[in-house]
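This report concerns only the one structure given below.
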Amino acid sequence: QVQLVESGGGLVQAGGSLRLSCAASGRIFSIGAMGWYRRAPGKQREFVARISVGGTTLYTDSVKGRFTISRDNAKNTVYLQMNSLKPEDTAVYYCWVLTSTGYWGQGTQVTVSS
């Protein structure tokens with residue numbers, strides 16, 4: 001089993017920044033892609049960003065230029081630096097990690113006030 005522990009969520013004013021972290025532990029032989037998704041109130045979970053083992057990144061259009069995904073392979077950790085936050089970024093953010101199968105974090109709340 002693989003456990004994912006997320007941290008870094010919270011309440012911030014519009015224009016502010018937050019950094020999310022997600023550390024993987026457990027029976028890990030190798031980690032492939034890592035990513036972040038989010039679920040806003042009343043909406044379905046949506047893709048936010050993804051990073052490959054080699055560092056290739058992919059973002060949804062609404063966060064391009066504001067969010068940066070990165071990873072530390074030695075620590076089995078993925079990060080999401082969120083700058084210029086907007087109220088519409090308010091959501092529960094979930095990390096996702098691909099090993100032998102995909103695993104999800106428990107979610108961390110991000111609230112952006114206007």
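Remember, it's a predicted structure, so these values are computed and weren't measured experimentally. Positions are given from 1 along the sequence. Excluded from the calculations below are hydrogen atoms, water molecules and symmetry mates; all remaining heavy atoms, backbone and side chain alike, are included.
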*Looking only at heavy atoms, what is the nearest atom pair of K64 and D61, with distance?*
NZ-OD1, 2.9 Å
*Given the rule that I, L, V, M, F, W and Y join up when any side-chain heavy atoms are under 4.5 Å apart, are V12 and Y79 in one cluster?*
no
*What heavy-atom pair brings I28 and N76 nearest, and what distance separates the two atoms?*
CD1-ND2, 3.9 Å
*Quick one: CD1 on I31 to CG on L98, what's the gap to the nearest 0.5 Å?*
9.5 Å
*State plainly whether one hydrophobic cluster holds both V78 and L18, where clusters connect Ile, Leu, Val, Met, Phe, Trp and Tyr through side-chain heavy atoms under 4.5 angstrom apart.*
yes
*Atom CG of D72 and atom CE of M34: how far apart are they, to the nearest 0.5 Å?*
9.5 Å
*asked:* Does any part of the side chain of S17, heavy atoms only, come nearer than 4.5 Å to the side chain of Q81, both counted from C-beta?
replied: yes
*Quick one: OG1 on T90 to CD on Q109, what's the gap to the nearest 0.5 Å?*
7.0 Å
*Under 3.5 Å: donor-acceptor pair, side chain of Y93, backbone of E6*: no
*asked:* Donor-acceptor pair, distance only, cut-off 3.5 Å: does the side chain of R71 make one with the backbone of S52?
replied: yes
*Under a 4.0 Å N-O cut-off, is there an ion pair linking D89 with K86?*
no
*Check: L80 and F67 side chains under 4.5 Å, non-hydrogen atoms*: yes
_Residue pair Y103 / L4: nearest heavy atoms and the distance that separates them_ = O-CD1, 3.4 Å
*Group every Ile, Leu, Val, Met, Phe, Trp and Tyr by side-chain heavy-atom contacts under 4.5 Å, then state whether V63 and L85 land in the same group.*
yes
*asked:* Between W96 and R50, is there a side-chain heavy-atom distance shorter than 4.5 Å?
replied: yes
*Between atom OG of S62 and atom CZ of F47, what is the distance when rounded to the nearest 0.5 Å?*
10.0 Å
*L58 with W36, same ILVMFWY side-chain cluster at under 4.5 Å*: no
_Minimal non-hydrogen separation, M82 against L20, with atom names_ = CE-CG, 3.7 Å
*Hey, what's the ring geometry for Y94 with W104, parallel, tilted or perpendicular (30° and 60° as the breaks)?*
perpendicular
_Closest contact, heavy atoms only, S114 versus P87_ = CB-CG, 3.8 Å
*Give, for atom OG1 of T60 and atom CZ of R38, the distance between the pair rounded to the nearest 0.5 Å.*
7.0 Å
*Closest non-hydrogen atom pair, A24 against V2*: CB-CG1, 4.4 Å
*asked:* To the nearest 0.5 Å, what is the distance between OG1 on T56 and CD1 on I69?
replied: 11.5 Å
